[in-house]
Amino acid sequence: MGKIRGWLRNFLKGALEDILYENLEREAAETEEILLTLLLLQFSGLENPFSFYVLELLPFLKVNEASLRRLLMKEERLGILFSRFEGWA
Amino acid sequence: MRLFMVGGKGGVGKTTVSSALALLLSRRGKVLLISTDLAHSLGDFFGKEGETFKAEGVQVRQPDAPSILKKKVRGWERDFFKNISPTLQEDFSPFFRYAEKDPSNYDLVMLEEVKKAVLKEEWDFLVVDSGPTGQFLRFFFLSKKLVDWYKLLLKWRKKYLALRHMVKGGNREDDFLIFLKNKEQEQESFQRKLQSCFLVWVSEPTELSLKQAQTALRTIGKMDLLVVNKIKGPFHLPKPLRKIHRVEIPHYSREPRYGSNSFSEIKERILDPYLRKLYFLREKS
């Protein structure tokens with residue numbers, strides 16, 4: 001009986017920790033995306049969303065590419081921006 | 001280090017006034033006179049060429065914003081592309097190409113050049129011969145906005161690192177966070193210097209020019225000296241500007257240039273007596 005109770009306690013603890021970790025991981029990913037959004041999107045006072053100051057910070061981005069790409073593609077506003085910059089490359 | 005910002009509408013005589021100020025201040029300490037107008041006119045005024053030159057005791061700098069920007073952007077692009085895949089590089093490339101040709105970035109380069117000179121503390125006086133009103137006002141707003149922006153980025157980076165630390169362990173500080181902290185501190189101390197600068201506004205005695213002076217006073221919230229230049233006769237000064245210390249310069253038939261009699265008169269007989277009254281200059285000499 002004691003063994004079963006112990007196993008059950010460990011099982012529940014593990015399951016709960018898993019959920020907690022999952023939540024934390026998700027929150028971390030979301031936080032990372034918020035940071036990216038703040039970094040990449042136009043902030044009040046700067047007309048150019050890829051201004052001097054944003055470019056200066058880009059080399060520090062070591063985010064996974066999937067999230068960077070997702071952010072760039074997902075954001076409709078940035079989609080519009082891409083069309084604005086067409087022909088500059 | 002004392003920062004003097006000289007602003008005004010285009011063509012009112014900012015370069016003349018800032019050059020005279022710089023030359024007078026050079027009698028009291030080391031002076032850097034820096035132009036932030038893309039269309040530099042200090043070289044023409046002093047009859048010299050080059051990005052930097054010396055005029056009497058004054059070090060003059062006219063930063064070439066396009067070439068500075070291009071060099072910086074190429075460096076950041078190289079560093080950024082080290083970390084990302086070639087396909088993503090293709091997506092980002094247009095932004096870099098655009099940014100290095102964007103004129104609004106030239107103003108930011110100028111702001112950075114002034115910031116660099118202010119924070120270096122190499123000079124006793126820094127005189128900024130700024131661009132027309134719009135650029136001048138942007139300097140003040142951008143600097144404040146940047147402090148807020150860095151603060152916001154710092155907050156989220158800290159939160160991200162704390163969450164990462166809980167999940168995977170590891171460091172709560174990284175290069176990015178340290179860089180952001182440094183940038184925020186730099187920007188904040190520059191902002192303090194900018195707020196405590198000695199603000200000189202040059203205006204012609206015309207209605208439009210004086211209206212811009214009023215706008216500048218209202219938006220920035222301060223003005224230490226109003227120079228009314230090219231006076232031909234009586235003029236009407238709007239009420240808010242009457243409280244500001246004022247220096248009046250007459251109209252000269254020949255535009256004052258470095259070495260001309262009119263310029264010496266502006267410098268020695270009009271501006272010098274005013275500068276002698278300034279408490280922080282009296283303390284210095």
Side-chain angles (χ1 to χ4, degrees), chain A residues 17-75 78-79 81-89, chain B residues 69 72-73 75-85 87-88 90-102 104-109 111-112 138 141-142 144-146 148-150 152-153 155-168 174-177 179-180 183 187:
Chain A
E17 273 179 356
D18 262 7
I19 294 166
L20 275 174
Y21 271 114
E22 252 178 49
N23 283 346
L24 281 174
E25 268 185 334
R26 198 178 311 127
E27 205 181 334
E30 279 167 8
T31 313
E32 199 177 21
E33 288 200 2
I34 289 170
L35 183 83
L36 276 175
T37 316
L38 287 173
L39 182 73
L40 297 179
L41 283 183
Q42 173 179 15
F43 71 96
S44 166
L46 277 186
E47 299 91 344
N48 177 7
F50 265 64
S51 82
F52 181 98
Y53 292 103
V54 175
L55 295 181
E56 188 181 29
L57 301 180
L58 284 184
F60 288 95
L61 291 181
K62 285 175 191 126
V63 289
N64 66 66
E65 285 186 19
S67 84
L68 193 56
R69 191 180 293 280
R70 197 167 57 244
L71 180 93
L72 287 174
M73 299 307 160
K74 191 176 70 181
E75 287 291 332
L78 279 171
L81 281 175
F82 269 118
S83 62
R84 193 178 127 193
F85 291 126
E86 259 171 33
W88 281 94
Chain B
L69 180 68
K72 287 192 176 212
V73 169
W76 294 325
E77 187 181 15
R78 216 175 26 245
D79 291 347
F80 181 51
F81 284 2
K82 271 184 209 159
N83 299 326
I84 63 169
S85 78
T87 47
L88 210 55
E90 267 176 40
D91 288 340
F92 269 91
S93 208
F95 290 106
F96 285 97
R97 295 291 73 73
Y98 178 83
E100 71 182 20
K101 292 169 194 156
D102 183 359
S104 72
N105 273 342
Y106 296 155
D107 278 354
L108 307 185
V109 170
L111 182 70
E112 282 301 296
R138 261 167 66 84
F141 292 127
L142 262 173
K144 172 78 180 68
K145 287 275 171 209
L146 279 168
D148 298 341
W149 186 56
Y150 284 130
L152 201 62
L153 290 177
K155 184 184 123 188
W156 285 96
R157 189 68 188 172
K158 267 184 196 160
K159 190 177 173 191
Y160 167 71
L161 289 173
L163 286 165
R164 273 270 83 107
H165 177 76
M166 275 194 261
V167 179
K168 290 184 178 165
D174 67 351
D175 292 349
F176 192 18
L177 188 83
F179 186 78
L180 282 173
K183 292 300 280 186
Q187 200 60 43

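Residue numbers start from 1 in every chain, and the chains themselves are labelled A, B, ... in the order their sequence lines are given, proteins ahead of strands.
A/F52 CZ to B/Y106 OH: the interatomic distance, rounded to the nearest 0.5 Å, is 12.5 Å.
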B/F179 vs A/L57, side-chain contact (heavy atoms from CB on, under 4.5 Å): CA-CA, chis, key distance, verdict: CA-CA 9 Å; B/F179 186 78; A/L57 301 180; 3.3 Å; yes
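Among all heavy-atom pairs drawn from B/L111 and A/Y53, the shortest one is CD2-OH, 3.4 Å. When all heavy atoms of B/M166 and A/L24 are compared, the pair lying nearest together is CB-CD1, 4.1 Å. Contact between A/A28 and B/Y160 at its shortest, heavy atoms only, is O-CD1, 3.3 Å.
Inter-residue side-chain proximity for B/L180 and A/F60 is flagged as unmet; no heavy-atom pair is nearer than 4.5 Å.
Between B/K72 and A/E56 there is no salt bridge, since none of the side-chain N atoms of the basic residue sits less than 4.0 Å from a carboxylate O of the acidic one.
In this structure, chain A has a heavy atom under 4.5 Å from the side chain of B/K168, while its backbone stays farther away. When heavy atoms are compared at a cutoff of 4.5 Å, B/K155 does not approach chain A at all. With a 4.5 Å cut-off on non-hydrogen atoms, B/Y150 touches chain A through its side chain but not through its backbone. Residue contact with chain A, scored on non-hydrogen atoms closer than 4.5 Å, is absent for B/L161.
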